[in-house]
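Here the structure comes first, spelled out in structure tokens, and everything after it is commentary.
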Amino acid sequence: MIRDRSPHHPSVLVAEDEASNSGMLQTALDFLGFDVFTVATGAEAISAVQRRRPDAVLLNTQLPDLDGTEVCRRLRADGDNTPVLFLSARHAVEDKCRALAMGGDDYVTKPFDIAEVSARIRALIRRSQVTGHARRVGHTAPAPSRRLHVAGVELDMGTREAWRHGQPVKLSATEFALLKVLMENAGQVISKGRILDSVWKYDFHGESGVVETYVYYLRRKLGDPDQSLIRTVRGAGYMVSADGTES
């Protein structure tokens with residue numbers, strides 16, 4: 001491996017209670033160009049995110065005081081959208097879906113390849129820079145303003161803001177990405193597999209429950225209890241009606 005010598009070193013918080021794993025991750029990620037700091041408990045992780053504002057969090061699901069998913073849930077409840085990549089020995093589909101439903105952005109199972117973990121961290125940080133939901137690294141130019149208008153919903157691609165019938169709607173980075181995919185394909189049925197590929201950027205091997213969870217979140221936030229905005233097409237996917245325009 002060649003050490004990353006970029007002048008901009010994204011910061012990563014590693015929350016891992018096993019000293020050997022924590023030390024290995026810190027050494028490897030530092031070599032790959034990250035500024036790394038570590039904690040060993042969930043409470044320390046929450047405090048460190050609030051104090052040090054990392055660009056991403058590498059979070060073990062099994063910490064001695066709090067489950068990693070609970071740590072992520074508390075961060076999201078406090079309005080913090082720092083990208084979270086879970087590391088876990090749990091391989092079950094329901095564990096992965098629960099972690100993502102609690103606000104996680106990605107999930108890697110142990111044993112893992114550190115090069116893959118590094119690549120996923122960088123992908124999450126790039127996405128957070130584009131969406132504006134986390135502190136920017138370096139000097140990234142803002143995206144040009146472009147707006148989508150569909151069925152009373154408006155998305156601003158430049159500021160990553162959303163409105164429903166003129167009222168602001170606060171969305172997480174993942175919720176925004178999902179709604180964007182649906183609105184850009186208004187009038188078309190979008191399969192769960194295509195949504196997973198577009199929003200989460202990797203293959204979940206049929207683990208589509210996370211899509212259902214995030215569609216539920218969107219419906220709740222957009223005031224769509226009767227599913228008149230985001231329709232479920234049984235056996236096929238989801239569709240937003242095409243009665244709007246793009247500017």
Side-chain angles (χ1 to χ4, degrees), residues 76 79 81 83-84 93-94 96-107 120 123-134 140-247:
R76 300 304 185 238
N81 286 298
V84 171
V93 171
E94 56 267 27
K96 298 177 184 180
C97 290
R98 180 172 184 272
L100 295 169
M102 289 297 104
D105 297 279
D106 206 345
Y107 192 103
R120 292 190 182 217
L124 291 178
I125 292 174
R126 284 195 300 270
R127 188 172 76 180
S128 72
Q129 290 173 341
V130 171
T131 59
H133 284 286
T140 304
S145 180
R146 182 171 69 92
R147 293 197 176 194
L148 293 175
H149 303 263
V150 176
V153 178
E154 184 175 356
L155 294 185
D156 190 305
M157 302 296 102
T159 64
R160 307 322 256 200
E161 294 175 289
W163 300 265
R164 178 89 197 272
H165 300 313
Q167 297 300 311
V169 179
K170 185 176 181 180
L171 301 177
S172 70
T174 302
E175 291 164 347
F176 189 97
L178 172 56
L179 185 56
K180 176 176 176 287
V181 169
L182 293 172
M183 290 177 63
E184 286 180 332
N185 296 278
Q188 303 176 45
V189 178
I190 309 299
S191 69
K192 293 178 182 178
R194 182 177 170 188
I195 290 172
L196 284 170
D197 183 61
S198 298
V199 176
W200 281 273
K201 306 297 184 185
Y202 65 95
D203 185 9
F204 264 66
H205 304 290
E207 299 162 23
S208 58
V210 66
V211 178
E212 297 172 0
T213 299
Y214 271 90
V215 167
Y216 167 77
Y217 291 161
L218 280 180
R219 285 172 172 158
R220 185 176 60 182
K221 288 189 175 183
L222 294 169
D224 184 35
D226 59 356
Q227 302 182 19
S228 60
L229 173 64
I230 303 175
R231 292 175 49 200
T232 299
V233 181
R234 192 171 299 277
Y238 299 95
M239 181 177 70
V240 169
S241 59
D243 65 349
T245 60
E246 180 179 333
S247 62

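Predicted model only: the values in this text are computed from it and were never measured. We're numbering straight along the sequence, starting at 1. Side chains included, hydrogens not; waters and symmetry mates left out as well; all remaining heavy atoms used.
Interatomic distance, Arg219 CZ to Arg231 CZ, rounded to the nearest 0.5 Å: 10.5 Å. Between Leu182 atom CG and Ile190 atom CD1 the span is 7.0 Å, to the nearest 0.5 Å. With values rounded to the nearest 0.5 angstrom, Asn81 atom CG is found 5.5 Å from Arg76 atom CZ. Distance CD/Glu212 to CD1/Ile195: 10.0 Å, rounded to 0.5 Å. Rounding to the nearest 0.5 Å gives a distance of 8.0 Å between CG of Leu218 and OG of Ser172. Rounding to the nearest 0.5 Å gives a distance of 8.0 Å between OH of Tyr217 and CD of Glu175.
Between Arg126 and Asp105 there is no salt bridge, since no side-chain nitrogen of the basic residue lies less than 4.0 Å from a carboxylate oxygen of the acidic one. Between Arg146 and Glu184 there is a salt bridge, since a side-chain N of the basic residue sits under 4.0 Å from a carboxylate O of the acidic one.
In this structure a side-chain-to-backbone donor-acceptor pair under 3.5 Å is missing from Asp106 to Arg120. Asp156 places a side-chain N or O within 3.5 Å of a backbone atom of Thr159 that can act as its donor or acceptor partner. No donor-acceptor pair under 3.5 Å is formed between the side chain of Asn185 and the backbone N or O of Val189.
Smallest separation of non-hydrogen atoms from Lys170 and Lys221: O-NZ, 3.2 Å. Of all heavy-atom pairs between Ser241 and Ala186, the closest is O-CB, 3.9 Å. Considering all non-hydrogen atoms of both residues, Ser198 and Val181 come closest at CB-CG2, 3.8 Å. When all heavy atoms are compared, the tightest approach of Tyr107 to Lys96 is CE2-CG, 3.3 Å. Summarising the geometry of Leu178 relative to Val215, their closest heavy-atom pair is CD2-N, 3.9 Å, with the distance given to 0.1 Å.
Residues passing the side-chain hydrogen bond (donor to acceptor under 3.5 Å, both in side chains) test with Arg164: none are found, sequence neighbours excluded.
Side-chain atoms of Lys192 and Tyr238, non-hydrogen and from C-beta on, do get closer than 4.5 Å to each other. For the pair Val169 and Leu222, the minimum side-chain heavy-atom distance is below 4.5 Å. Counting heavy atoms from C-beta outward, Val84 and Met102 have side chains that stay 4.5 Å or more apart.
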